[in-house]
Chemist: 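First the structure, which I've put down as structure tokens, then a few questions once you've had a look.
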Amino acid sequence: MNKKIVIKTLEKIALYLELQGENPFKVSAFRKAANALELDERSLSEIDDITKLKGIGKGTAAVINELIETGESSQLKELEDAVPKGLIPLLKLPGLGGKKLAKLYSELGIDSAESLRAACEAKEIQKLAGFGPKSEEKILKELEQLGNRSERLPIWYLQQIVIDIEELLKTIPEVQKFSVAGSFRRVNEMSKDIDFIVATEQPEKIKEQLLEELSVKEVVAAGDTKISVVLDIEDVVNVDFRLVSLAEFATALHHFTGSKDHNVRMRQLAKEQGKKISEYGVEQPDGTVLTFDSEEQFFAHFNLPFIPPTVRESGKELERLDELNNLVTLEAIVSDLHMHTTWSDGAHTVKEMGEALIKRGYTHGVITDHSQYLKVANGLTPERLEKQRLEIYSFNEAHPNFRLFAGTEMDILPNATLDFEDDVLKELDFVIASIHSSFSQPQEKIMERLYTAIQNPYVHMIAHPTGRIIGQRDGYNPDIPQLIKWAAQFGKILELNASPYRLDLCIEHLMMAMEYNVPIAINTDAHAIEQLLFMEIGTKYAQKAWVKKDLVVNTWSVKQFETFIQQNK
DNA sequence: GCCGTTTTCGGCCCGACTGTTTTCAGTCG
């Protein structure tokens, strides 16, 4: 029995129980059990006594064991018989939860979007206790939008909106301090909405200005401390603003940064000490409420080091405190090993890119323009590559305290050959190989291409190994565990491409690479100077996978880097 | 449903907002 199926089944049971209006704690017990399984690294067969896992007891273990033995769950079957499937999508309607849907089903027999709409139109809903004309109206309105509303939006799309809102907040004089929070601050690939914390003494003024200045499609809530709006940009985006006092800012920021599981863990910890955490501060055993100047101080109050937002996920981060010091940070980065110039499809010259790297405080970098196969990107022939190399070396002469290396981002061709001969490659300092074509080949062919590249003695790194674009395309579906093993075998680097469109390798694969001690290079793949900023998102993303600083090639000194690349010659 | 030696029962993170009420339940994050 596959673990994923067990997890899915437990979650499904939770969903159906919720639709029956069951005790919310019982519902969440099934979700917790699913979560406990997910967080445990072992496969099902490796776990001898499942009830030893925290969160799995007699009831949920019975479900799991039945699944293992028979492949089915009788409890789920019973639930499926008792609760119509059509109710499940209705849980997505804002304002309708399990209890209300259970009531609609038991009193009016509502079991689908269609019957719900009919009941609204017949004005049956408002007759029920707990419902009224407004609920009915709202349900009708939400039904119209069901399916239209985008579920989760990718980080590269939300980033621009966040920047725009930040610019707006800077112009409002009554704003004392602000920060984005939520999953965006934790650098999740996708987020359902954007959260902002704003410190102010005049919430009503802020509310006024925000509602006026933003392109608001719909106001979901507008209270004294919380404003929730739907913005109408290309896609509709939910944005929540929490208005707090300056004193409350740090705890509010922590609270609304989450994750939910992290907060639960923190609150348990507080409770063990007789304290109580809320967004407004930490209530002491004697009832007084402490506030903090920063999140650092908040954590210090619980004798914890600062836990970066990026790793605040499952709550397990509280057991990995000694690893926090080994996390890669932006400050530790001294190089960028993948960028383009006007020689191929970049916007800036070698000199401009080099100087931008110096300005960022780096000690070295590699220019890696596309190779000849990529005609649309003006890829370089061996002849042009040689000319470019001279330009790079003359840049180095003019900048003695910085080192620019000559490289290439060479295409791995559809027929599993490389775009340059070995005698061209051996002249280069650093060789990146990557796939930009024929994504839909079968996996064996893709792996044959990658193998050709990774076993070549002159190739140092495989860039954006899967070719995915977050939320848009999956890439070329390589067998990443195999690629990681090859990287370990041949001593090659794998890239974490820091472009917010890519973030490739993904977290799961980065973790796998860590197990095999495969070095990772976090690279911006910048096609313009401004994109060198992607390094920040890249390092934060790497933190989410607990990537160790020492295994990040960009933290290595020029000397260390040179030693590494010369081994491959 | 799960958990626990200060508990085998009574908690389960906590609070805002809304729409329904006339003091609160449900939903949401």
Side-chain angles (χ1 to χ4, degrees), chain A residues 10-11 13-14 16-36 50-64 75 79 90-104 125-139 142 181-186 191-197 203 207 219-229 238-244 248 251-252 254-272 274-283 289 315:
Chain A
L10 289 168
E11 281 167 353
I13 291 175
Y16 276 108
L17 289 173
E18 196 177 352
L19 283 171
Q20 283 193 322
E22 256 292 359
N23 173 2
F25 295 110
K26 184 170 170 180
V27 175
S28 86
F30 278 91
R31 298 216 162 100
K32 273 184 191 158
N35 199 240
I50 198 102
T51 56
K52 287 234 173 76
L53 284 181
K54 206 171 178 261
I56 296 180
K58 241 171 71 188
T60 46
V63 174
I64 296 168
Q75 187 174 1
L79 285 166
L90 299 184
L91 269 176
K92 291 210 178 104
L93 291 172
L96 284 186
K99 295 232 168 101
K100 286 194 168 171
L101 281 173
K103 186 156 203 174
L104 288 172
I125 307 273
Q126 53 175 293
K127 292 179 194 155
L128 293 180
F131 292 82
K134 276 201 175 168
S135 315
E136 202 171 72
E137 215 172 286
K138 194 173 170 215
I139 292 170
E142 295 295 347
S183 55
F184 184 87
R185 182 166 182 244
R186 302 200 312 275
S191 298
K192 178 157 86 24
D193 59 7
I194 304 174
D195 294 286
F196 271 96
I197 311 299
K207 181 159 123 183
V219 179
V220 182
D224 297 334
T225 63
K226 179 184 163 179
I227 303 165
S228 185
V229 294
N238 267 292
V239 186
D240 290 352
F241 296 89
R242 314 281 166 157
L243 311 179
V244 299
E248 294 159 349
T251 38
H254 175 263
H255 176 88
F256 289 109
T257 295
S259 68
K260 204 173 164 182
D261 290 337
H262 169 83
N263 286 355
V264 168
R265 185 72 192 83
M266 284 299 293
R267 291 197 147 124
Q268 283 168 349
L269 189 77
K271 217 174 155 181
E272 287 161 19
K275 298 168 185 167
K276 223 160 82 179
I277 297 175
S278 82
E279 54 261 57
Y280 301 111
V282 178
E283 192 182 315
V289 175

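Just so you know, these numbers use all the heavy atoms, side chains as well, and skip hydrogens, waters and symmetry mates. We name chains A, B, ... by the order of the sequence lines, and we start the count at 1 in each one.
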Chemist: What pairs with A:Ser183 under side chain to side chain donor-acceptor pair (under 3.5 Å), at least two apart in sequence or on another chain?
Modeler: A:Ser191

Chemist: Can you tell me how far C1' in B:dT27 sits from the matching atom in B:dT20, rounded to whole Å?
Modeler: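 Pairwise C1' distance, B:dT27 against B:dT20, rounds to 13 Å.
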
Chemist: Quick check for you: among B:dG1, B:dT27, B:dC17, whose closest atom lies nearest to any side-chain atom of A:Ala221?
Modeler: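 Out of B:dG1, B:dT27, B:dC17, the nucleotide with an atom closest to A:Ala221's side chain is B:dC17.
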
Chemist: Return the OG1 to CD1 distance between A:Thr251 and A:Ile197, rounded to the nearest 0.5 Å.
Modeler: 9.5 Å

Chemist: Is there a side-chain contact between A:Ser135 and the phosphate of B:dT20, meaning an N or O under 4.0 Å from OP1 or OP2?
Modeler: yes

Chemist: A:Thr257 and A:Asp195: side chain to side chain contact (heavy atoms under 4.5 Å, CB included), yes or no, with the steps?
Modeler: CA-CA 8 Å; A:Thr257 295; A:Asp195 294 286; over 6 Å; no

Chemist: Side-chain N or O of A:Thr60 less than 4.0 angstrom from OP1 or OP2 on B:dC2?
Modeler: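 A:Thr60 to B:dC2 OP1/OP2: side-chain N or O found under 4.0 Å.
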
Chemist: Considering only B:dG19, B:dG1, B:dC17, which nucleotide approaches the side chain of A:Lys226 most closely?
Modeler: B:dC17

Chemist: When we call it a touch if two heavy atoms are under 4.0 Å apart, what does A:Ala222 touch: a base, just sugar-phosphate, or nothing?
Modeler: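 Touches sugar-phosphate only.
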
Chemist: By the 4.0 Å heavy-atom rule, please label A:Leu96 as base, sugar-phosphate, or nothing.
Modeler: sugar-phosphate

Chemist: May I ask you to say what A:Gly258 touches in the nucleic acid, namely base, sugar-phosphate or nothing, with a heavy-atom cut-off under 4.0 Å?
Modeler: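 Counting heavy atoms under 4.0 Å across all strands, no contact is made by A:Gly258.
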
Chemist: Indicate every side-chain donor-acceptor pair of residues 275-283 of chain A with a distance under 3.5 Å to a residue at least two apart or in another chain.
Modeler:
from	atom 1	to	atom 2	distance (Å)
A:Lys275	NZ	A:Gln273	OE1	3.1
A:Lys275	NZ	A:His301	NE2	3.3
A:Ser278	OG	A:Tyr280	N	3.0

Chemist: Can you check each nucleotide of nucleotides 3-15 of chain B against protein heavy atoms at under 4.0 Å and return B for base, S for sugar-phosphate only, - for none, in 5' to 3' order?
Modeler: S--------BBSS

Chemist: Filter on side chain to side chain donor-acceptor pair (under 3.5 Å), then keep only pairs touching residues 51-61 of chain A, sequence neighbours left out; what's left?
Modeler: A:Asp49-A:Thr51

Chemist: Taking 4.0 Å as the cut-off, does a side-chain nitrogen or oxygen of A:Thr225 come that near to OP1 or OP2 on B:dC17?
Modeler: yes

Chemist: Across all strands shown, which nucleotide pairs with B:dT8 by Watson-Crick or G-U wobble geometry, both distances under 3.5 Å?
Modeler: none

Chemist: Walk me through it: do A:Arg265 and A:Gln268 pass the test side chain to side chain contact (heavy atoms under 4.5 Å, CB included)?
Modeler: CA-CA 5 Å; A:Arg265 185 72 192 83; A:Gln268 283 168 349; 3.8 Å; yes

Chemist: Could you list, one pair per line, each protein nitrogen or oxygen that sits under 3.5 Å from a nitrogen or oxygen of nucleotides 21-24 of chain B, together with the distance?
Modeler:
none

Chemist: By nearest heavy atom, map A:Leu93 and A:Ala29 onto DNA chain B; which one lands nearer the 5' end?
Modeler: A:Ala29

Chemist: Of A:Gly59 and A:Phe256, whose closest DNA chain B nucleotide lies nearer the 5' terminus?
Modeler: A:Gly59

Chemist: Listed by chain and number, what are the side chain to side chain donor-acceptor pair (under 3.5 Å) partners of A:Glu248, not counting sequence neighbours?
Modeler: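 Counting only residues at least two positions away or on another chain, A:Glu248 forms a side chain to side chain donor-acceptor pair (under 3.5 Å) with A:Ser245.
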
Chemist: Looking at A:Lys26, A:Lys99, A:Arg31, which one forms a side chain to side chain donor-acceptor pair (under 3.5 Å) with A:Glu18?
Modeler: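 When A:Lys26, A:Lys99, A:Arg31 are each tested with A:Glu18, the side chain to side chain donor-acceptor pair (under 3.5 Å) holds only for A:Arg31.
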
Chemist: Report the distance from atom CD1 of A:Ile139 to atom CG of A:Leu93, rounding to the nearest 0.5 Å.
Modeler: 7.5 Å

